[in-house]
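Remember, it's a predicted structure, so these values are computed and weren't measured experimentally. By convention in this document, chain letters (A, B, ...) are assigned in the order of the sequence lines, proteins followed by strands, and residues within each chain are numbered from 1.
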Amino acid sequence: MTREYVYQQMNRIFRNVFDDESIELHDETNAEDIEDWDSLEQINLIVAIENEFEMMFDMVEVAELANVGEMVDLILKKDSNE
Amino acid sequence: MNNYRFEDLYEDLSVSFEETVTEEMMDAFWLISGDENPLHMKKEFAQSQGYKDRVVYGMLTSSLLSQLVGVHLPGKYCLLQGMELKYLNPVYVGDTLTVKGTVYELHPSVKMAVIKALITNQDGVKVVRGKINVGFLQYEDE
């Protein structure tokens with residue numbers, strides 16, 4: 001799985017969750033950059049990402065994420081460990 | 001009332017209950033929703049549209065899903081977060097509905113469960129199906 005592929009899927013997930021086709025994710029993108037990104041949408045994002053990449057995170061991993069780049073890193077790390 | 005905690009749930013765990021739709025429920029839902037569409041209010045109009053009687057509000061039927069998650073699965077600690085539903089067939093006053101919820105997905109990272117919901121009538125016809133996202137309130141002993 002490449003970083004480019006993960007970003008492609010993440011962009012699709014974010015656009016779907018927030019119903020906003022203009023979203024273009026970057027490493028530094030965080031909740032302050034997307035108006036509707038609150039705690040409930042955070043749950044919806046994590047669930048959509050877990051389902052898309054067929055992997056499960058734990059609560060600590062999710063709590064420590066500061067931005068999209070760290071989420072992509074986590075996905076790639078878990079994928080490489082499988 | 002059940003009081004399942006997230007940790008108690010497992011995939012395929014299911015719970016069901018029955019409710020019969022009454023005239024009083026229709027009146028109450030009209031008051032709550034303000035929906036005076038004749039499909040729900042006038043038998044003659046509903047019949048002119050091909051239905052055998054006035055049609056029960058779809059959201060009255062799906063309001064039983066509030067009971068499903070708030071009382072039965074998971075029950076006491078439920079925090080409703082969202083749902084996606086499809087209305088498949090009409091429901092009429094007097095129908096006895098079976099409401100079934102089944103644990104479909106568990107996401108420990110965010111303590112969220114996806115419950116598959118299915119409502120059928122007394123003839124076994126599916127009238128509503130969907131998925132419900134539920135989180136969990138703080139447990140009283142935590």
Side-chain angles (χ1 to χ4, degrees), chain A residues 1 6 9-10 12-21 23 25 29-82, chain B residues 3-15 59 62-63 65-66 68-70 72-87 101-118 128-142:
Chain A
M1 198 186 299
V6 173
Q9 300 307 312
M10 290 279 279
R12 188 176 53 75
I13 289 168
F14 271 67
R15 289 169 186 167
N16 187 38
V17 167
F18 294 110
D19 197 21
D20 181 354
E21 290 298 315
I23 290 175
L25 299 174
T29 305
N30 61 31
E32 291 178 8
D33 300 313
I34 298 176
E35 188 183 354
D36 293 337
W37 191 345
D38 57 15
S39 59
L40 178 57
E41 294 297 14
Q42 170 77 357
I43 291 170
N44 291 330
L45 282 172
I46 296 296
V47 168
I49 291 165
E50 286 182 336
N51 286 342
E52 173 63 36
F53 296 102
E54 297 181 337
M55 55 179 63
M56 299 293 266
F57 308 115
D58 64 40
M59 292 179 94
V60 176
E61 287 172 331
V62 169
E64 287 177 344
L65 297 173
N67 54 38
V68 167
E70 291 187 11
M71 171 57 88
V72 173
D73 290 342
L74 179 61
I75 292 166
L76 289 168
K77 182 180 142 197
K78 281 195 171 279
D79 182 60
S80 66
N81 289 343
E82 280 180 354
Chain B
N3 57 356
Y4 287 108
R5 300 174 185 218
F6 179 80
E7 297 75 16
D8 299 328
L9 300 182
Y10 52 89
E11 287 181 17
D12 296 331
L13 170 65
S14 69
V15 172
M59 293 185 76
S62 53
S63 73
L65 300 176
S66 184
L68 174 68
V69 295
H72 302 281
L73 185 66
K76 184 177 180 180
Y77 295 114
C78 173
L79 182 61
L80 180 59
Q81 295 179 336
M83 58 174 72
E84 289 179 17
L85 301 177
K86 288 185 178 171
Y87 296 94
T102 305
V103 177
Y104 179 65
E105 286 176 10
L106 292 167
H107 295 272
S109 58
V110 287
K111 216 169 160 182
M112 196 271 264
V114 181
I115 310 289
K116 258 193 176 179
L118 178 64
V128 176
R129 66 178 163 85
K131 290 179 186 171
I132 311 172
N133 295 348
V134 296
F136 289 78
L137 299 170
Q138 193 168 348
Y139 310 135
E140 288 164 301
D141 55 3
E142 277 192 348

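- Residue-environment remark: CG (A:D19) stays at or below the threshold of 12 foreign heavy atoms within 6.0 Å.
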List the steps and the verdict of side chain to side chain contact (heavy atoms under 4.5 Å, CB included) for B:V110 and A:Q42.
CA-CA 9 Å; B:V110 287; A:Q42 170 77 357; 5.6 Å; no
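- With a threshold of 4.5 angstrom between heavy atoms, A:I43 approaches chain B through its backbone and through its side chain.
- In this structure, A:E50 and B:S109 have side chains that are in contact, with non-hydrogen atoms separated by less than 4.5 Å.
- With rounding to the nearest 0.5 angstrom, the NE2 atom of B:H107 is 11.5 Å from the CD1 atom of A:I49.
- Counting non-hydrogen atoms of neighbouring residues, nucleotides and ligands closer than 6.0 angstrom, the CD atom of A:E52 exceeds 12 such neighbours.
- Open room surrounds CE on B:M59; 12 or fewer heavy atoms of other groups in view lie less than 6.0 Å from it.
- More than 12 non-hydrogen atoms from other residues, nucleotides or ligands lie less than 6.0 angstrom from CZ of A:R15.
- The contact between B:L106 and chain A is made entirely by backbone atoms, counting heavy-atom distances below 4.5 Å.
- Looking at A:V47, both its backbone and its side chain come within 4.5 Å of chain B, counting heavy atoms on both sides.
- Between the side chains of A:N51 and B:E105, at least one donor N or O lies within less than 3.5 Å of an accepting N or O.
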